[in-house]
Structures are given as C-alpha cells and as structure tokens.
Amino acid sequence: MEFRKNHSYTDKDGIQTQNFYSTKVKLVKSGSMVELYKFGRDIFLGHKPSRIKTKEDLEAEVEAKKEMEKKAKEEGLTLEEYIAMEKAKTKPSPEDLLRFSAQRAKRQIKRLIYANSFKWFKEDGKAYKPITLTLTFKDNITNLKSANYEFTKFIRRLNYETNRIEGKELKQSNLKYLAVFELQQRGAIHYHMIFFNLPYIENIYTKLYDIWGRGGIMVGGKKRKFEKVKTRVHLKKIIDYFIKYIQKSIFEKQFPNQKKYITSKDLLKPIISYFEDVIYLVEEKLPNQDLVFKHEGSKDYAENNIANSYIKWVDYFQYDLAKNPEAEAEVDFMLDTYC
DNA sequence: CATCTTGAGTCTAACGTTCG
DNA sequence: CGAACGTTAGACTCAAGATG
C-alpha cells in the first residue's frame with residue numbers, strides 16, 4: 001500500500017540517496033482527542049530537502065545568483081548587501097517567534113493532557129482521575145531558577161510519600177504530571193499542575209502543605225474542596241486554564257530559554273500519522289456529532305486568494321471522542337494496525 | 001538505626017531558530 | 001503552517017547526607 005509520497009534525490013555526485021517523504025494530511029490522536037490536518041502544500045518529512053543538493057539544485061542556485069547580482073546592481077548594492085536585505089524581509093520578527101513558541105507549547109500541553117488523562121491505572125484496574133493543584137510561595141520568589149529548584153524538590157518528596165502510600169519502591173519516580181508557572185501581580189511565581197496518577201491521600205491539604213512547605217496549596221478549584229476531574233468532558237476547561245498561563249508567560253518574555261511547561265518523563269505521547277490512506281479511512285469513522293472545532297483555511301484562501309503563509313492554507317478538524325469510546329477504540333485499532 | 005531529603009551525573013525532550 | 005536541528009533545562013537514578 002502506498003501511504004506517502006516517496007522522494008529520492010540524486011545528489012551532485014550522481015548518487016541516489018536519502019529518501020524522504022511528503023504529505024498533505026496529518027492525524028494526531030491524543031487520548032479522546034483526534035485532530036485532522038489538511039495542508040495547502042506538501043509537508044516534508046525526514047531529511048530536509050535543502051540538505052541534499054542535486055545537480056539541478058546547484059544549477060538553479062547558479063541561475064538564482066546571476067539573477068540576484070543583476071538586481072543588486074539595479075539597486076546599487078553589493079551582492080552581500082542585497083542578500084542580507086532580502087533575508088531581512090522574510091525573517092520573522094521577535095513577536096512572530098514568540099507567537100510560534102507559544103503556539104507550539106500550547107498545542108503540546110493540550111495533547112499531553114488529553115493523552116494522559118484517565119490513561120493511568122491503579123492496581124485494581126481502575127483509572128486514576130486527574131487532579132489539579134496550585135502551589136504558591138509565601139515569600140516573594142521571583143527567580144524562576146530557584147522556584148523551579150523548589151518545585152523539583154517538592155515532586156521528589158511527593159513521589160516518596162505516594163510510593164509509601166501505594167507500597168511501591170520508595171525511591172522511584174512514579175508520579176505523572178504536567179505543570180506550568182505563572183507570575184502573580186507582585187511578580188511572585190506560582191505553579192499550576194495536573195497529576196495523572198496521584199493516589200488517594202488522607203488529609204490531602206495538610207499532607208501536601210507539609211510536603212510543599214513553601215506556601216499555599218490549592219487542590220481543585222477555588223472552593224478549596226477536594227476536587228478531581230471526574231469525567232473526560234471536564235478536561236477542556238482545565239486545558240484552557242493551562243493554556244492561558246502559557247500564553248501569558250511567553251508573551252511577558254521574562255524567561256528566555258526557560259521551559260514554559262514542565263512534565264514528568266515517560267508521559268503517554270500523542271500518536272501522529274502521516275499515512276494518507278489510513279487517515280482517510282479513519283476520517284470516515286469519525287462521527288460528525290463529535291466534531292468540536294473546525295477551521296477551514298482553504299475557504300478563506302479561495303475567497304481572498306491571498307497566500308498568507310508558505311503552507312498556503314490549513315484545514316483543521318478537531319474531534320472529541322470522550323462520549324464515544326467505541327469510536328475511539330476503533331481509531332486506536334486502525335492506527336495500531338496500519339501505522 | 002530508620003526514615004526522609006538532597007547532590008551529582010546522565011539523558012530526554014522543550015526551546016529558539018531555520019527552511020520547506 | 002509544519003518538521004528538523006543544535007543547544008540546554010531539568011527529570012531521573014543512585015548514593016550520600018540530614019534528621020530524630
């Protein structure tokens with residue numbers, strides 16, 4: 001079965017090498033969430049084509065250089081100056097880069113929360129319910145590095161405690177979680193987190209307060225009532241919260257090169273497929289009533305006839321199969337079998 | 001001594017960036 | 001818009017240190 005378009009290049013020395021692929025569709029399954037992408041232009045996978053120069057590529061480069069020299073002359077610039085000027089035109093602004101970064105982090109957070117909620121199981125076979133938690137510092141901690149250090153130690157101590165409760169090997173790290181940080185008005189850092197396999201803890205407030213030891217603890221919502229995420233349907237709200245914080249922290253750009261969200265290792269990963277045949281098969285199985293969001297970029301593109309990005313347009317369809325476990329199982333099966 | 005916490009080194013995955 | 005890539009934050013483990 002031909003799934004993807006195969007490309008192979010004959011390099012400048014005449015050696016055929018390094019196959020790569022391209023696709024116009026993509027499917028991502030994260031727990032009950034299924035995302036379907038259709039692109040206005042091929043997405044390349046594998047080696048970047050630019051890294052493999054063919055004879056034709058090199059000839060084209062020579063032609064392009066001649067063309068640039070001509071244009072540079074017309075504008076009274078040297079070739080180097082002209083190249084620098086052209087490059088500056090297409091270079092993303094710092095704001096663009098922040099936006100890309102925020103978008104990627106938000107997308108990944110959403111997928112990780114969907115992929116891991118209700119997917120971790122207790123000894124008795126029942127799934128853990130996700131639990132959200134907020135950690136604040138009583139002293140005005142504004143240095144992210146030292147805040148993260150305290151956060152890390154909290155996780156280590158909590159791992160020890162929950163291992164004890166569940167009778168597991170004490171010094172292993174079994175907790176699965178995701179956390180984001182947020183700045184309060186006064187500049188103090190605090191953390192919002194979600195645990196995917198936190199066991200039942202008696203007197204959870206006092207216990208967690210002691211283990212944290214650096215300030216306030218909030219479990220669940222503002223009501224200060226012990227609250228779990230009871231069903232998958234509630235997830236969307238929680239994800240919106242986490243995403244809001246990310247947006248803020250990235251655009252305030254006070255912490256370059258720092259992680260905008262923190263996760264435990266070995267979380268369940270979203271399943272990504274580029275196999276066109278399989279994706280179309282899966283698409284047929286997705287119930288219409290489970291479509292929760294769509295954006296049809298191709299329509300805008302056709303109406304306005306404006307290519308506002310390299311990719312031309314993206315059609316995006318998001319399904320939530322939370323209320324439809326049979327459909328989810330079927331999609332899992334298909335992805336498992338054919339990908 | 002038993003129980004809990006942290007330091008040091010290793011390695012995975014997020015970030016910033018480029019290029020299709 | 002996407003994936004790829006080099007760099008590096010920080011999760012993990014093992015063992016050593018702190019606490020009582």
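Quick note on labels: first sequence line is chain A, next is B, and so on, each numbered from 1.
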Open item on the list: If you compare every side-chain N and O of Thr152(A) against the phosphate oxygens of dA11(C) (OP1, OP2), does one of them come in below 4.0 Å?
Closed with: yes
Open item on the list: Ring centroids only, cut at 6.0 angstrom: are Phe255(A) and Phe181(A) within range, meaning strictly under it?
Closed with: yes
- [ ] Determine yes or no for a side-chain-to-main-chain donor-acceptor pair under 3.5 angstrom, with Asn197(A) supplying the side chain and Asn174(A) the backbone.
- [x] yes
Task: Whole angstrom value for the distance that separates C1' of dA11(C) from NZ of Lys153(A) - done: 16 Å
TODO: Verify the contact: side-chain N or O of Lys171(A) to OP1 or OP2 of dT5(B), cut-off strictly under 4.0 Å; return yes or no.
DONE: no
Task: Given dT18(B), dT3(B), dG10(C), the nucleotide with the shortest approach to the side chain of Tyr160(A) - done: dT3(B)
TODO: Quickly work out the Asp42(A) CG to dG20(B) P distance and round it to whole Å.
DONE: 15 Å
Task: 5′-ward residue of the pair Lys260(A)/Tyr149(A) relative to DNA chain B - done: Tyr149(A)
- [ ] Choose from dC4(B), dA14(B), dA9(C) the nucleotide whose nearest atom is closest to any side-chain atom of Gln258(A).
- [x] dA9(C)
Task: Under 4.0 angstrom between Asn257(A) side-chain N/O and dC15(B) OP1 or OP2 - done: no
Open item on the list: Under a plain distance cut-off of 3.5 Å, with no hydrogens placed, do Thr206(A) and Asn203(A) share a side-chain donor-acceptor pair?
Closed with: no
- [ ] Under 4.0 Å between any heavy atoms, over every strand shown, what does Gln172(A) touch: base, sugar-phosphate, or nothing? Just pick one.
- [x] sugar-phosphate
- [ ] Please state whether the phosphate of dA11(C), meaning OP1 or OP2, lies under 4.0 angstrom from any side-chain nitrogen or oxygen of Thr263(A).
- [x] no
TODO: Please check if the side chain of Trp313(A) supplies one atom and the backbone of Lys38(A) the other of a donor-acceptor pair under 3.5 Å.
DONE: no
TODO: By nearest nucleotide on DNA chain B, pick out whichever of Ile311(A) and Gln108(A) is the more 5' one.
DONE: Gln108(A)
- [ ] Using a 4.0 Å heavy-atom cut-off across all strands, classify Phe151(A) as base, sugar-phosphate, or nothing.
- [x] nothing
Task: Exercise: do Lys260(A) and Gln108(A) side chains pair donor with acceptor under 3.5 Å - done: no
Open item on the list: Measure CZ/Arg107(A) against C1'/dC15(B) and give the value in whole Å, please.
Closed with: 13 Å
Open item on the list: Considering every strand and a 4.0 Å limit on heavy-atom distances, what is the contact class for Leu170(A): base, sugar-phosphate, or nothing?
Closed with: nothing
Open item on the list: Can you tell me whether the side chain of Arg104(A) and the base of dG16(B) have a donor-acceptor pair closer than 3.5 Å?
Closed with: yes
Task: Residue Phe44(A), side-chain heavy atoms: nucleotide from dG10(C), dA3(C), dG20(B) that is nearest - done: dG20(B)
- [ ] Can you tell me the distance, in whole Å, between the CG atom of Leu144(A) and the P atom of dC15(B)?
- [x] 12 Å
Task: Closest-nucleotide 5' rank along DNA chain C - winner of Val314(A) and Ser264(A) - done: Val314(A)
Open item on the list: I want to verify a distance call: between dT6(B), dC15(B), dA11(C), whose nearest atom is closest to the Ile262(A) side chain?
Closed with: dA11(C)
Task: Among dA11(C), dA3(C), dA13(B), the nucleotide that comes nearest once only the side chain of Ile43(A) is considered - done: dA3(C)
- [ ] Find the distance Asn163(A):CG to dT3(B):C1' and express it as a whole number of Å.
- [x] 14 Å
Open item on the list: Angle between ring planes, His192(A) versus His190(A), binned at 30° and 60°: parallel, tilted or perpendicular?
Closed with: perpendicular
Task: Length of the CD1-C1' vector between Ile272(A) and dA13(B), whole Å - done: 14 Å
Task: Nearest-nucleotide pick for Ser101(A), side chain only, options being dG16(B), dA11(C), dA14(B) - done: dG16(B)
Open item on the list: When you measure from the side-chain N and O atoms of Tyr261(A) to the phosphate of dA13(B), is any distance below 4.0 Å, counting only OP1 and OP2?
Closed with: no
- [ ] Report the distance from atom NZ of Lys176(A) to atom P of dA13(B), rounded to the nearest whole Å.
- [x] 11 Å
Task: Tyr191(A) versus Asn148(A), side-chain donor and acceptor atoms under 3.5 Å - done: yes
Open item on the list: So, does Tyr177(A) get its side chain near the phosphate of dC12(C), meaning an N or O under 4.0 Å from OP1 or OP2?
Closed with: yes
Task: Candidate nucleotides dT5(B), dC15(B), dC12(C), ranked by approach to the side chain of Arg157(A) - the nearest - done: dT5(B)
- [ ] To the nearest Å, give me how far apart CG (Asp300(A)) and C1' (dC1(C)) are.
- [x] 14 Å
Open item on the list: Can you identify which nucleotide, out of dA14(B), dG2(C), dT6(B), has its nearest atom closest to the Arg156(A) side chain?
Closed with: dT6(B)
Open item on the list: Using a heavy-atom cut-off of 4.0 Å across all strands, would you classify Lys259(A) as base, sugar-phosphate, or nothing?
Closed with: base
